[in-house]
Asks: 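Handing you a structure now.
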Amino acid sequence: MTDTRLRADRVYRFYRVGDEETLAVQGVTLELVAGEVVALCGPSGSGKSTLLACLAGIDEPSGGTVWIAGERISGRTEAERARVRARRVGAMSQSGNLFGHLTVLGNLRLAQSLAQGRGVARERRPVMAPAVTDVLRGLHDPDMPDAMELLAELGISTRAHAWPDQLSGGELVRASLAVALANGPVVLLADEPTGELDETSEARLLSLLRQRAENGAAVLVASHSQAVTRAADRTLYLEDGQLT
């Protein structure tokens, strides 16, 4: 018996501008189980990012249903989807998922506090200060990864107190992935996570994704990288919004 982490049944997403309708995702059905890394491939504009947003509950499908660990995430209010996502899903988009007014470490601890249903004090960015007082300390949950250890795994522990606009492209990608992993998700959805990385950093990141899968998560990675498809257990191909 498989341990299903994510199931999508006939998911559609269309956009209408005036009289024109665009079908971005067309009847996608898929299942992800614990312990697997799945690559999602397809040309640019094929609907990969839109599909991941629907699976994560960031966007609401126009039709169909999505379940995360047996809990329905689609067909619910935005606030309800956000609560499920905060507890169970790690999502990394191409545009990143860092708040500019928080340090890298602050972003991780914010993600962890949201997963616990806790509020946090705001971390104010000083006009002139090389170091930042961490006002988000004391929020660590033993069921979640340690924030500093996670940054060390991704090779950016020395950038913990940096602001997002102080990071290089590769550092920004790794910090965004760290935020996606901060809540110890059962489903990890990553959109082009290796696009800005060199070969060594890409291999390290893929190793980390494999480790998360071995710890019980289901991992879906949208990518054009051949290294990602080689590292995956299986590959799904999306073309014109349909799995082929």
Side-chain angles (χ1 to χ4, degrees), residues 5-32 36-68 73-75 78 81-82 85 89-98 164 167-177 179-181 185 187-199 201-203 205-206 209 218-244:
R5 295 302 196 201
L6 181 149
R7 183 160 63 92
D9 184 25
R10 292 174 292 179
V11 170
Y12 285 83
R13 186 67 173 101
F14 62 83
Y15 302 94
R16 182 176 289 117
V17 179
D19 294 330
E20 189 171 325
E21 184 175 278
T22 300
L23 281 169
V25 177
Q26 302 187 54
V28 169
T29 294
L30 60 85
E31 184 175 292
L32 304 178
E36 70 173 345
V37 177
V38 179
L40 178 65
C41 300
S44 297
S46 60
K48 298 189 300 296
S49 296
T50 301
L51 176 60
L52 260 62
C54 290
L55 298 179
I58 296 170
D59 194 10
E60 173 68 10
S62 305
T65 314
V66 179
W67 291 266
I68 302 291
I73 193 171
S74 59
E78 185 175 347
R81 296 199 311 271
R85 186 168 63 251
V89 180
M92 176 188 170
S93 66
Q94 289 188 43
S95 58
N97 50 355
L98 301 179
L167 303 177
S168 68
E171 289 171 342
L172 195 59
V173 169
R174 285 179 281 171
S176 295
L177 180 60
V179 171
L181 294 170
V187 174
L188 174 62
L189 305 171
D191 196 353
E192 295 288 355
T194 66
E196 297 286 338
L197 302 181
D198 58 35
E199 190 173 313
S201 297
E202 182 179 44
L205 184 145
L206 291 174
L209 295 183
V219 180
L220 179 63
V221 185
S223 180
H224 293 99
S225 170
Q226 292 185 357
V228 172
T229 57
R230 287 195 299 267
D233 298 303
R234 58 190 174 101
T235 302
L236 303 176
Y237 293 92
L238 196 69
E239 187 170 354
D240 293 330
Q242 296 178 301
L243 287 181
T244 61

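Throughout, numbering of the chain's residues begins at 1 and tracks the sequence. Side chains included, hydrogens not; waters and symmetry mates left out as well; all remaining heavy atoms used.
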Asks: Flag the pair L6 / L55 as yes when at least one side-chain heavy-atom distance between them is below 4.5 Å, and no otherwise.
Replies: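 In contact.
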Asks: Should M92 and L188 count as side-chain neighbours, where that means a heavy-atom distance under 4.5 Å?
Replies: no
Asks: For a quick test of your reading: what N or O donor-acceptor pairs under 3.5 Å do the side chains of residues 236-244 make, sequence neighbours left out?
Replies:
none

Asks: Return the NZ to CG distance between K48 and D191, rounded to the nearest 0.5 Å.
Replies: 7.5 Å
Asks: For A227, does its backbone N or O pair with a side-chain atom of S225 as donor and acceptor, under 3.5 Å?
Replies: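 The answer is yes, because a donor-acceptor pair under 3.5 Å joins these two groups.
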Asks: Over all heavy atoms of both residues, which pair between S46 and P43 is shortest? Give the atoms and the distance, please.
Replies: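 Residues S46 and P43, closest heavy atoms: OG-O, 2.8 Å.
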Asks: Of all heavy-atom pairs between P164 and L172, which one has the smallest distance, and what is that distance?
Replies: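 In this case the closest contact between P164 and L172 is O-CD1, 3.9 Å.
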Asks: Nearest heavy-atom pair of A56 and A91: which atoms, and what distance?
Replies: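 Between these two residues, the closest heavy atoms are CB-CB, 4.2 Å.
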Asks: For S74, enumerate each residue passing the side chain to side chain contact (heavy atoms under 4.5 Å, CB included) test, keeping only those at least two apart in sequence or located in another chain.
Replies: E60, P61, T65, V66, R72
Asks: Measuring from atom CG of L32 to atom CG of L189, what distance do you get when rounded to the nearest 0.5 angstrom?
Replies: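 Output value for this atom pair is 7.5 Å.
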Asks: Could you tell me whether a side-chain N or O of T194 sits under 3.5 Å from a main-chain N or O of L197, the two making a donor and an acceptor?
Replies: no
Asks: Do N97 side-chain atoms and S176 backbone N/O form a donor-acceptor pair below 3.5 Å?
Replies: yes
Asks: CZ of R7 to CD of E31: how many Å apart, nearest 0.5 Å?
Replies: 7.0 Å
Asks: Are H224 and S44 packed together at the side-chain level, in the sense that at least one heavy-atom pair is separated by less than 4.5 angstrom?
Replies: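 SC-SC contact between H224 and S44 confirmed.
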Asks: For V38, does its backbone N or O pair with a side-chain atom of D233 as donor and acceptor, under 3.5 Å?
Replies: no
Asks: So which heavy atom on L167 is nearest to which on A175, and how close?
Replies: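 In this case the closest contact between L167 and A175 is CD1-CB, 4.0 Å.
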Asks: Here's one to test your reading of the geometry: is the NZ or CZ of R10 within 45 degrees of the ring axis of Y12 and under 6.0 Å from its centre?
Replies: no
Asks: Tell me, please, which residues at least two apart from Q226 pass side chain to side chain donor-acceptor pair (under 3.5 Å).
Replies: none
Asks: Would you say the side-chain atoms of R81 pair up with the backbone N or O of G57, donor to acceptor, closer than 3.5 Å?
Replies: yes
